[in-house]
Visitor: 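Attaching a single structure in structure tokens format; questions to follow.
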Amino acid sequence: MTRILSMAQTEFRIALRNRWVTVAVAMMVLFSLVLSAAGSAPTGDLGADRLSVIVASLTSLAVYLVPLVALLMSFDAVAGEVERGTLPLLLTYPLSRTEVLLGKLLAHLAVLTIAIGAGYGLAAIGAWAMDGRSVEGLPALWRLTWSSVTLGAVFLGAGYALSSLARRPSGAAGLAIGLWLGAIVLYDLGLLAALVADNGGVFTTRVFPWAMLANPADAFRLFNLAASEATSAAVGLSGAANTIPPWQALTSLALWPVLALALAVAAFRKVTP
Amino acid sequence: MKMLTLSHLTRRFDGVQALTDVSLTVGAGERVALLGHNGAGKSTLMKIVLGLIPHTSGSVEVLGAAPGSPQARDGVAYLPESAAFHPALTGREQIAHYLRLRARPAAEAAGLLDHVGLGHAADRRIGTYSKGMRQRVGLAQALIGQPRLMVLDEPTSGLDPVSRRDFYTILDDLAAQGTAILLSSHALTEVEARTDRMVILSRGHVVAEGSMADLRRKADLPVRIAITPSDLPCSVTTLKQALPGAELSGDQLVVTCAQSGKLALLGRIAALAERVSDIDIQPPSLEDIYSHFSRRAGQ
């Protein structure tokens with residue numbers, strides 16, 4: 001445990017000095033503030049408090065931004081050590097490769113938690129200042145916060161796996177962007193296209209719910225939107241998938257970080273220093 | 001007690017034989033130098049000992065355990081060729097991290113950095129260090145917790161002569177306390193004086209092994225004697241007649257002879273004492289011996 005914590009402490013320090021903490025916090029804060037300012041129009045009409053509405057907007061934001069920040073922080077984790085030539089020495093120390101990755105994960109999760117906390121926190125304060133009823137939205141915000149961190153853990157693990165497979169930072173960066181585009185942007189577009197073409201057939205009723213659950217980003221969106229009634233109308237895809245109970249989405253979201261980390265460890269074990 | 005035992009070690013990379021039937025032991029307190037051209041297999045051998053890469057056949061025992069096992073990693077320190085660290089960390093932070101990984105108090109970092117002469121730069125980022133300073137950080141981490149076996153890959157490359165001397169003094173102290181040391185080097189002359197035994201690798205084979213005196217004897221290379229003739233007239237001609245095979249090189253006469261014929265030749269030179277103003281005996285250098293063994297192995 002001391003070894004994992006020491007890895008984490010060192011990695012966090014590096015993230016701080018490389019301005020990763022600053023960049024991640026700035027991105028989250030900026031986008032959260034923009035969203036909460038822009039999301040002011042529908043307030044009142046829906047009968048929901050302002051914070052609950054903002055949480056719905058933040059959910060859509062987090063689906064894109066959290067995986068992006070996580071991949072940006074993690075793609076260098078193994079490939080960077082290989083390129084700098086620091087990996088052989090580290091691996092002669094009495095700590096396992098799993099411990100190396102767990103240490104990095106802990107540090108990167110801390111950075112991500114700080115960024116998410118700052119972004120959502122500011123949005124919440126803004127909402128509360130404008131609408132006293134916003135306290136009602138706090139449970140939804142809390143749910144969004146921890147599920148965002150979980151989603152981040154999935155993509156951190158995926159980033160370590162890609163970093164180990166690529167062995168060069170430039171290659172790992174390419175793979176990371178590819179994964180982000182594929183899993184976050186193209187996956188949903190593909191599902192939408194299939195839904196339209198299928199027009200209520202077997203795909204829509206049988207395959208589609210599983211396809212949503214299989215993608216951690218969709219599971220994250222489903223879980224947050226299904227859990228808060230007021231917002232389910234706001235998002236297109238989830239309308240078609242509102243038959244999926246939240247616990248299934250939550251199970252998918254809980255399993256993915258473990259799976260991603262296991263993949264990362266398996267890929268890292270294959271790296272010859 | 002043997003800290004490292006390799007027997008009949010073989011390693012193949014995609015059909016290329018990187019190491020062939022290498023047998024080698026390093027005992028407690030022993031300093032063994034691994035010599036060889038680039039690509040001779042020195043780094044491969046070290047990586048196998050450290051458990052970083054597997055071997056194809058033969059056996060390796062590190063501190064009585066398998067290479068790379070927790071027990072072996074606990075007692076083995078490594079200094080990679082041109083040691084690299086994250087540029088954003090300070091020397092103190094980096095060493096403190098390594099100390100914690102070895103379950104030792106991070107406060108020992110200051111002492112270690114002082115020991116390698118980096119005390120003044122402990123709180124500067126490693127990114128601002130020179131190559132020699134980074135090499136010292138590498139040495140400082142290798143000294144953590146008095147390792148039982150040290151594996152040093154070209155440890156003095158990038159160090160100035162004074163730092164090299166300090167470096168070997170530190171190694172001597174460690175060896176005196178029982179640490180086994182396996183180091184590779186290109187700087188043959190410094191290794192000659194500072195190690196107990198040398199192993200010459202060529203294309204993955206051990207071509208020679210032993211102390212400097214052993215290797216000299218086995219190689220049996222000719223001794224070179226340079227004679228400066230005296231000012232008497234015709235000294236050069238007289239000497240040339242008396243010493244067949246002598247050749248003029250600059251204003252000196254140079255004769256070579258086998259180790260066994262050295263004394264007889266010196267006797268003949270001494271008989272012509274009035275013709276000789278000075279004499280210089282040059283035994284074969286380590287470079288000569290090294291080339292001899294490498295060449296014999298087909299390099």
Visitor: Look at B/V151, B/L89, B/I53 and state which one has the largest set of heavy-atom pairs under 4.5 Å with chain A.
Guide: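 Among B/V151, B/L89, B/I53, the one with the most close pairs to chain A is B/L89.
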Visitor: Pairs of donor and acceptor atoms involving the side chains of residues 260-271 of chain A, under 3.5 Å and at least two apart or interchain, shall be tabulated with distances.
Guide:
| residue | atom | partner | partner atom | Å |
| --- | --- | --- | --- | --- |
| A/R269 | NH2 | A/T98 | OG1 | 3.4 |

Visitor: Tell me, out of A/L90, A/L95, A/L87, A/I14, who's got the most heavy-atom pairs with chain B below 4.5 Å.
Guide: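 Top count of heavy-atom pairs under 4.5 Å with chain B: A/I14.
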Visitor: What is the minimum heavy-atom distance between A/T272 and B/L52, and which atoms define it?
Guide: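 Of all heavy-atom pairs spanning A/T272 and B/L52, the closest is CG2-O, 4.3 Å.
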Visitor: Of all the heavy-atom pairs spanning B/R102 and A/P94, show the shortest one and how long it is.
Guide: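 For B/R102 and A/P94, the tightest heavy-atom pair comes out as NH1-CD, 3.3 Å.
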Visitor: Please table the atom pairs, donor to acceptor, closer than 3.5 Å between any side-chain atom in residues 133-146 of chain B and protein atoms at least two apart or in another chain.
Guide:
| residue | atom | partner | partner atom | Å |
| --- | --- | --- | --- | --- |
| B/Q135 | OE1 | B/A83 | N | 3.4 |
| B/Q135 | NE2 | B/P155 | O | 3.1 |
| B/R136 | NH1 | B/V116 | O | 2.7 |
| B/R136 | NH2 | B/S163 | OG | 2.7 |
| B/Q141 | OE1 | A/Y93 | OH | 2.6 |
| B/Q141 | NE2 | B/Y78 | O | 2.6 |
| B/Q141 | NE2 | B/G138 | O | 2.9 |
| B/Q146 | NE2 | B/Q177 | OE1 | 2.3 |

Visitor: Please check if atom CH2 in A/W146 has more than 12 non-hydrogen atoms from other residues, nucleotides or ligands closer than 6.0 Å.
Guide: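 More than 12 heavy atoms, drawn from other residues, nucleotides or ligands, come within 6.0 Å of this atom.
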Visitor: For the CZ atom on B/R124, are there more than 12 heavy atoms of other groups (residues, nucleotides or ligands in this structure) within a distance under 6.0 Å?
Guide: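 For B/R124, atom CZ is crowded (more than 12 foreign heavy atoms under 6.0 Å).
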Visitor: Nearest heavy-atom pair of A/T86 and B/A84: which atoms, and what distance?
Guide: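 Taking A/T86 first and B/A84 second, the nearest heavy atoms are CG2-O, 3.2 Å.
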Visitor: Is A/T92 close to B/V76 at the side-chain level, that is, under 4.5 Å between some pair of heavy atoms?
Guide: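 SC-SC contact between B/V76 and A/T92 ruled out.
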Visitor: What residues of residues 102-119 of chain A sit under 4.5 Å from chain B when you count only heavy atoms?
Guide: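 Counting heavy atoms that sit under 4.5 Å from chain B, no residue of residues 102-119 of chain A is involved.
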Visitor: I need the contact set between residues 2-13 of chain A and chain B: heavy-atom distance under 4.5 Å, sorted by residue number.
Guide: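 Against chain B, the residues of residues 2-13 of chain A that fall inside the cut-off (heavy atoms, under 4.5 Å) are A/R3, A/S6, A/M7, A/Q9, A/T10, A/R13.
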Visitor: State whether the number of non-hydrogen atoms from other residues, nucleotides or ligands found under 6.0 Å of A/Y187 atom OH is greater than 12.
Guide: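 More than 12 within 6.0 Å, yes.
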Visitor: Out of A/R17, A/E81, A/R84, which one pairs with B/H86 under the side-chain contact (heavy atoms from CB on, under 4.5 Å) rule?
Guide: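 Among A/R17, A/E81, A/R84, the one meeting side-chain contact (heavy atoms from CB on, under 4.5 Å) with B/H86 is A/R84.
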